[in-house]
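What follows is one structure encoded as structure tokens, with my remarks underneath.
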Amino acid sequence: MKILTTTLLFISVCISCTQAPPPEAYGPRPNQQQMLWHETDFYGMICLSTITYVDKEWGYGDEPAELFNPSKFDAKKMLSQMKDAGMKGVLVVAKHHGGFCLWPTATTEYSVKNSPWRDGKGDMIQEFADAAKDLDMRLGLYLSPWDRNDASYGTPQYIEHFRSQLTELHTNYGELFLSWFDGANGGDGYYGGARDKREIDRTSYYDWDNTWNIVRRLQPNSSIFSDIGWDIRWVGNEKGFGGETCWATYTPKGLIDDDKPGNGFVKDWLATEGNRDGKYWMPAECDVPLRPGWFYHASEDDKVKSAETLFDLYFKSIGRSCAFDLGLAPNTDGELHANDVAALKGLGELIRQTFDTNLASKTKAKASANDSRSSAYNASKLIDGDKTSFWSPSDEIKEGVIEIEFKEATLFNIVSLSEYIQLGQRIDRIQVHYFDGTDWLLFSHATSIGAKRLLREMPVKANKIRVSTWGPVCPALSEIAVYLEPERMSMYLVK
């Protein structure tokens with residue numbers, strides 16, 4: 001038995017010697033919270049409050065709780081409509097700047113418990129949490145740091161109120177994938193009847209390190225979004241797109257402590273592209289409302305973005321390694337308007353028609369350095385449908401070349417690329433050529449790749465495609481996929 005054990009150990013060691021180790025990680029890398037966020041990639045922000053009933057975008061804090069009565073609200077119906085659009089999660093505005101809380105908090109009387117909805121016994125956050133669980137969607141919560149209703153805002157006492165609300169939301173509603181903090185802080189408000197202006201220093205007033213530690217302790221899988229950084233950065237606009245170049249790495253400007261990313265501000269003119277040499281893995285979220293405003297206004301019923309416009313934004317957000325956060329505004333009945341539902345349904349159909357069939361799934365893949373590291377990282381890993389596998393050549397090869405060969409000439413207009421981001425963002429630029437049977441022609445090119453890059457051009461027909469990469473270290477790509485979108489979308493492909 002001892003001889004057999006020794007022999008098996010020797011065989012095991014020899015096998016392990018034939019498998020080269022993976023490349024060393026390069027630069028900042030995503031943490032466990034950010035990996036979950038990257039996987040979620042498309043979600044909707046639900047904006048419903050007392051201000052919905054007074055036709056406002058921002059509440060002053062004096063709108064009566066008695067106004068709130070979304071009598072036809074059905075969380076499962078709404079989330080089903082969102083899932084049909086391709087969304088994987090929901091981000092609920094639990095409290096906006098006006099201070100009204102969608103759950104029966106113990107911290108204030110200004111909440112659903114003093115509204116006629118569900119006879120004052122309702123909990124909208126719980127209903128969203130239950131629906132998300134039933135539909136296998138992820139739940140995120142938005143809690144405004146600014147509260148224009150709370151009389152103690154601007155004093156140390158309010159921080160205790162705010163942290164208590166944060167604790168309630170992060171304790172009672174199951175697992176969260178995102179904890180979202182708005183950048184609007186301080187100004188005029190009702191403040192319990194004072195009707196004055198309260199100015200605060202948003203870098204220090206909330207004691208963010210200790211406040212956000214509540215999220216880390218109670219929701220270890222939740223990313224933190226804020227305009228002063230942390231896990232997820234604001235992309236710098238509310239138009240739903242990242243830059244043509246959009247690095248996941250970023251250094252917030254005005255850092256107080258270089259070891260704490262949350263001490264710097266996200267600058268709109270920098271956050272859209274990020275920094276190639278950024279100190280932190282801090283990818284961008286692209287937020288945009290489905291309508292002109294974030295909250296419901298009947299006057300905007302005919303101004304809902306079309307399915308085609310939303311699909312174009314999908315490429316300019318998710319297709320640039322960001323997340324797509326689409327703002328949805330339920331009406332006074334607590335439902336999405338028919339025009340909003342139609343747009344979401346049309347978007348979902350476009351996504352399915354385009355991405356349900358990967359034209360590269362039954363192809364052959366080879367690389368210029370296919371087996372230089374080991375078979376565990378060869379080019380076949382690019383088309384195996386497994387996000388946990390990846391292709392990578394040996395360490396000295398910094399310019400990789402991969403060829404994908406189709407069984408027959410194939411029409412396509414999208415090439416999707418994903419880096420194995422657990423090892424960092426390793427590629428500086430990339431080119432894709434296609435072989436039309438006679439010549440190699442340029443299809444598209446890009447700089448940043450990251451979690452996903454969608455290269456989208458006019459349709460071409462090819463027998464093969466060739467992907468060339470350049471970077472400071474050897475590449476590590478987890479996927480190359482090829483798609484064809486519906487012909488009617490060609491109007492968005494004209495540069």
Side-chain angles (χ1 to χ4, degrees), residues 45-54 56-70 91-117 120-126 140-173 176 179-215 218 224-228 262 294-295:
M45 180 187 290
I46 303 296
C47 301
L48 176 64
S49 189
T50 49
I51 57 175
T52 303
Y53 298 84
V54 292
K56 291 182 180 179
E57 276 293 290
W58 282 22
Y60 187 71
D62 61 353
E63 298 80 18
E66 291 78 14
L67 292 174
F68 190 79
N69 192 20
L91 174 62
V92 184
V93 178
K95 185 189 78 170
H96 201 245
H97 314 322
F100 184 77
C101 298
L102 297 188
W103 78 104
T105 175
T107 64
T108 178
E109 294 302 305
Y110 195 47
S111 77
V112 289
K113 66 187 177 185
N114 285 312
S115 76
W117 180 67
K121 299 177 182 177
D123 185 338
M124 189 165 282
I125 304 303
Q126 186 64 63
L141 294 175
Y142 167 131
L143 181 66
S144 172
W146 188 16
D147 192 320
R148 302 172 91 179
N149 177 267
D150 196 310
S152 69
Y153 185 80
T155 73
Q157 183 184 6
Y158 173 73
I159 303 306
E160 297 307 312
H161 294 180
F162 181 61
R163 287 177 176 169
S164 293
Q165 291 177 354
L166 194 63
T167 299
E168 290 177 351
L169 290 173
H170 288 69
T171 300
N172 299 328
Y173 300 103
L176 305 180
S179 188
W180 211 100
F181 300 91
D182 201 292
N185 287 281
D188 61 342
Y190 176 67
Y191 303 125
R195 296 187 180 277
D196 61 8
K197 192 172 185 178
R198 308 274 176 88
E199 298 292 350
I200 56 96
D201 179 352
R202 58 178 175 165
T203 63
S204 60
Y205 176 59
Y206 300 101
D207 185 16
W208 284 123
D209 284 349
N210 288 315
T211 298
W212 282 336
N213 280 338
I214 295 172
V215 178
L218 298 177
I224 295 170
F225 172 96
S226 170
D227 75 331
I228 62 172
W294 292 95
F295 284 84

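Just so you know, these numbers come straight off a predicted model, no measurement behind them.
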Apply side chain to side chain contact (heavy atoms under 4.5 Å, CB included) to Glu66 and Tyr53, showing your working. CA-CA 10 Å; Glu66 291 78 14; Tyr53 298 84; over 6 Å; no
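- The two atoms that bring Cys101 and Thr108 nearest to each other are SG-CG2, 4.1 Å, heavy atoms only.
- Every residue two or more places apart in sequence or in another chain was checked for a side-chain hydrogen bond (donor to acceptor under 3.5 Å, both in side chains) with Thr167, and none qualifies.
- A side chain to side chain contact (heavy atoms under 4.5 Å, CB included) with Asp147 is found for exactly one of Tyr158, Phe162, Tyr191, namely Tyr158.
- Nearest approach of Thr107 to Thr105, heavy atoms of both residues: OG1-OG1, 2.7 Å.
- Here the NZ-CH2 distance, from Lys113 to Trp103, works out to 10.5 Å after rounding to the nearest 0.5 Å.
- Shortest non-hydrogen contact noted between Cys47 and Val93 is SG-CG2, 3.9 Å.
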For Tyr190 and Glu63: C-alpha separation, side-chain torsions, deciding distance, then whether side chain to side chain contact (heavy atoms under 4.5 Å, CB included) applies. CA-CA 9 Å; Tyr190 176 67; Glu63 298 80 18; over 6 Å; no
Let's go through Phe181 and Tyr206 carefully: what are the C-alpha distance in whole Å and the side-chain angles of both, what is the deciding distance for side chain to side chain contact (heavy atoms under 4.5 Å, CB included) to 0.1 Å, and is it a yes or a no? CA-CA 11 Å; Phe181 300 91; Tyr206 300 101; over 6 Å; no
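- Asp62 is linked by a salt bridge (Lys or Arg N to Asp or Glu O under 4.0 Å) to Arg195, counting only residues two or more places apart in sequence or in another chain.
- Atom-to-atom distance recorded for Tyr153:OH and Tyr205:OH is 6.0 Å, nearest 0.5 angstrom.
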Go through Asp182 and Tyr142 one step at a time and tell me if the side chain to side chain contact (heavy atoms under 4.5 Å, CB included) criterion holds. CA-CA 8 Å; Asp182 201 292; Tyr142 167 131; 2.7 Å; yes
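- Ile46 CD1 to Trp294 CH2: the interatomic distance, rounded to the nearest 0.5 Å, is 11.5 Å.
- A salt bridge between Asp150 and Lys95 is absent, with no side-chain N of the basic residue lying under 4.0 Å from a carboxylate O of the acidic one.
- For Ala151, there are no side chain to side chain contact (heavy atoms under 4.5 Å, CB included) partners two or more places apart in sequence or in a different chain.
- Expressed to the nearest 0.5 Å, how far OG1 of Thr50 lies from OH of Tyr60 amounts to 14.5 Å.
- Annotation: the span from Tyr173 atom OH to Asp123 atom CG amounts to 3.5 Å, rounded to 0.5 Å.
- In terms of heavy-atom proximity, Ile51 sits nearest to Gly59 at CG2-CA, 3.1 Å.
- The side-chain hydrogen bond (donor to acceptor under 3.5 Å, both in side chains) test applied to Asp188 returns Arg148, not counting sequence neighbours.
- Contacts of Phe225 classified as ring pair (Phe, Tyr, Trp, His ring centres under 6.0 Å), with partners at least two apart in sequence or in another chain: Trp180.
- Asn213 contributes a side-chain N or O that, together with a main-chain N or O of Asp209, makes up a donor-acceptor pair within less than 3.5 Å.
- The closest donor-acceptor contact from the side chain of Thr171 to the backbone of Glu168 lies at 3.5 Å or more, if one exists at all.
- Among residues two or more places apart in sequence or in another chain, the salt bridge (Lys or Arg N to Asp or Glu O under 4.0 Å) test is passed with Glu199 by Lys197.
- The shortest distance between side-chain heavy atoms of His170 and Ser179 falls below 4.5 Å.
- Between Gly122 and Val112, the closest heavy-atom pair is O-CG2, 3.3 Å.
- A distance of 5.0 Å separates CZ of Phe68 from CG of Leu102, quoted to the nearest 0.5 Å.
- Nearest approach of Asn172 to Gln126, heavy atoms of both residues: O-OE1, 3.7 Å.
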